[in-house]
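Below: the structure, in structure tokens.
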Number of protein chains: 2
Amino acid sequence: MTSLMQKIKEVLPQLSEAERRIGEYVFENPEAIPHMTTKELSKKSGVSEATIIRFCKSIGIGSFKSFKLALMKDLTLTDTNLTDFSVLNKKDSPYDLFHKVIHVNKSAIESCADSMDRKELAKAVEAIQHAGKIVFFGVGGSSTAAVDAQYKFTKLGYHSITSLDFHYMLSVIPHLTENDVFVAISTSGKTKDVLELTRFAQKKGATAIAITTLSKSPLYKEADIRLCTPNVEQDFRIGSIPSRMTQLTVIDTLYMSIFHHVGEKVLQQYYDARSEMESLRR
Amino acid sequence: MTSLMQKIKEVLPQLSEAERRIGEYVFENPEAIPHMTTKELSKKSGVSEATIIRFCKSIGIGSFKSFKLALMKDLTLTDTNLTDFSVLNKKDSPYDLFHKVIHVNKSAIESCADSMDRKELAKAVEAIQHAGKIVFFGVGGSSTAAVDAQYKFTKLGYHSITSLDFHYMLSVIPHLTENDVFVAISTSGKTKDVLELTRFAQKKGATAIAITTLSKSPLYKEADIRLCTPNVEQDFRIGSIPSRMTQLTVIDTLYMSIFHHVGEKVLQQYYDARSEMESLRR
DNA sequence: GATTTTATGAAATTTAAATTCATTATTATA
DNA sequence: TATAATAATGAATTTAAATTTCATAAAATC
């Protein structure tokens, strides 16, 4: 707990009804406050603007502006702001939602650190490094990560494949061999299409890397290498937003790691592509 | 040196006379700025208030208020919490890189708050809400965001279109009307294909929303609505990783906002899709 | 040399913060 | 119990700050 938040908590019981309401709101949504106006906060917490000014004075701060600055400073000092943003509420404006999305995505990425196993990661990098083809597959929200991965690894000079089309994939997999890698992306680890293609790829000898949540799912059990994403499911309205961020973070890591290894080799092609792009500007 | 101050130092030589004066003043008195008003700073640095607003935009920050907040945050960061992850080094293991990726992505998402303009965001939500068709277009790294957006808005029941194929897009755009929205995604704002399609869409009467960095790029100038992403360019090896995160954060915000509005209506379809998915498990 | 573009500040507008004041609820006192 | 005193509150107003618009001058381009 930071000093300013601490202070608010302490004085909370001594405050009047309306001022306490503000304090409670601040306590629940500290991140949001610095970007708010008195009018907004007044609406959200259900008290008048005048009371907000009074609240600032009550906690010993001269103005609402100073309060916002102080809070920003306070929040910066601690990264452990465990705000429960799962609570979306009716009155949220797009700008409010924007800040909630920022928060949700930030914490999702943060929590990636918890679920990743360094040995599995090393194995994955090893496998991809020596791969001939890399096939990525994910459906629904997970297709974004697959598309992103396919683009990134193509840039690195890999024969990298993805498609949303199950039947297209069915025609790709028979050509996989022991050297190849199949990356299955599924948050739940239960998606039928993903499972079937993974098994098929394994039957052809490819190494199956799963990007999935740590759970007793079939995909988790059957994959050769498991890159676990944290369980970040929240309010259904937020849906796949945070889990996609975690998947992308894993993809980014694979990309960076491979770049690190093969970097020198592809650097020239990389520059070529860049300068050509500059000149074409497309 | 902290990141924002660093940034100011870097752009200083490219700024105009008056804007540079502000930059220099900020550099000499960083601690004072967060408590100042535009009028004060204008007097102190000897330039007009308007130029101060322009200065903020020049360094990639959406408003003077955001600038003050960002600076406060920046100054609060001590060397201890300033792990310099921007530097990649040779000995980095995949696991090291993983943590650097986490850091880079987190800060990218965090800095989204600086460049977003709430009015523009509100306009964008308004436009999309009443849109018939929504077309997303981005090339290269920005295609990920386009794909993600297309999927999300389809789930909300919109006629939502994207493609990587320029010529396919050329065949889509003639059918756009005043009610439709074209969302152009380009970090630089200079990508030729994106620009050409944007102009074409505007000619057909569609509203052009740009997701791009705050800069003097053609896309920024010409778009009807600008949703600015921060300038997060780093080491070339990290490449488009952070900018893609910022684009996705903007997309997520649009999605959440629209969901908020049309949510009740599509909820039933949403559940239908979910339960059907459960039963099919594919 | 004419024309466009860019940079700039003055003035106007919009938006936010802070204050005032009237109203209501609460407590203390006759 | 009735009445005065006090405290809490929000509506309306005032003040201040941020932002935009517009006119002008300087620089760059044709």
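Chain letters run A, B, ... following the sequence lines, proteins first, then strands; residues in each count from 1. Quick caveat, the model's predicted, so the values are computed rather than measured.
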A/K68 side-chain N/O to C/dA16 phosphate OP1/OP2 under 4.0 Å: no
Closest-nucleotide ordering on DNA chain D, the 5'-leading residue of B/D117 and A/T51: A/T51
Among D/dT19, D/dG10, D/dA8, the one nearest B/T38 by side-chain distance: D/dT19
Distance, rounded to the nearest Å, where A/R20 contributes CZ and D/dA8 contributes C1': 12 Å
Rounded distance (Å) that lies between atom P of D/dA18 and atom CE of B/M36: 11 Å
Candidates D/dT19, C/dG9, D/dG10 - which lies nearest the side chain of A/A18: D/dG10
For atom NZ of B/K57 and atom P of D/dT21, their distance in whole Å: 10 Å
Touch class at under 4.0 angstrom, heavy-atom based, for B/E49 against every strand present: base
Residue whose nearest DNA chain C nucleotide is more 5′ - B/A50 or B/R118: B/A50
Sugar-phosphate only, base, or nothing, as touched by B/S63 at under 4.0 Å among non-hydrogen atoms: sugar-phosphate
Protein-nucleotide distance (B/F55, atom CZ; D/dT20, atom C1'), rounded to Å: 19 Å
Lys/Arg N to Asp/Glu carboxylate O, B/E120 vs B/K123, below 4.0 Å: yes
Atom pair distance, as rounded to whole Å: CD1 in B/I61 and P in D/dA18: 15 Å
Among D/dA8, C/dA17, C/dA7, the nucleotide that comes nearest once only the side chain of A/S16 is considered: D/dA8
Test item: B/T213 side-chain N/O and B/T187 main-chain N/O as donor-acceptor pair under 3.5 Å: yes
salt_bridge(B/E49, B/K39) N-O dist < 4.0 Å: no
Side chain of B/K119 - closest among D/dA8, D/dT20, C/dA17: D/dT20
Geometric class of the A/F67/A/F64 ring pair [parallel <30°, tilted 30-60°, perpendicular >60°]: tilted
Listed nucleotide nearest any side-chain atom of B/R54, set D/dT9, D/dA18, C/dT8: C/dT8
Electrostatic pair A/K106:B/E110 at N-O distance under 4.0 angstrom: yes
Gap between atoms CG and C1', on B/L15 and C/dT6 respectively (whole Å): 14 Å
Length of the line joining A/K39:NZ and C/dT15:P, which is rounded to integer Å: 9 Å
Atom pair distance, as rounded to whole Å: CG in A/L69 and P in D/dA17: 14 Å
Nearest-nucleotide comparison on DNA chain C, the residue closer to the 5′ end among B/V47 and B/K65: B/V47
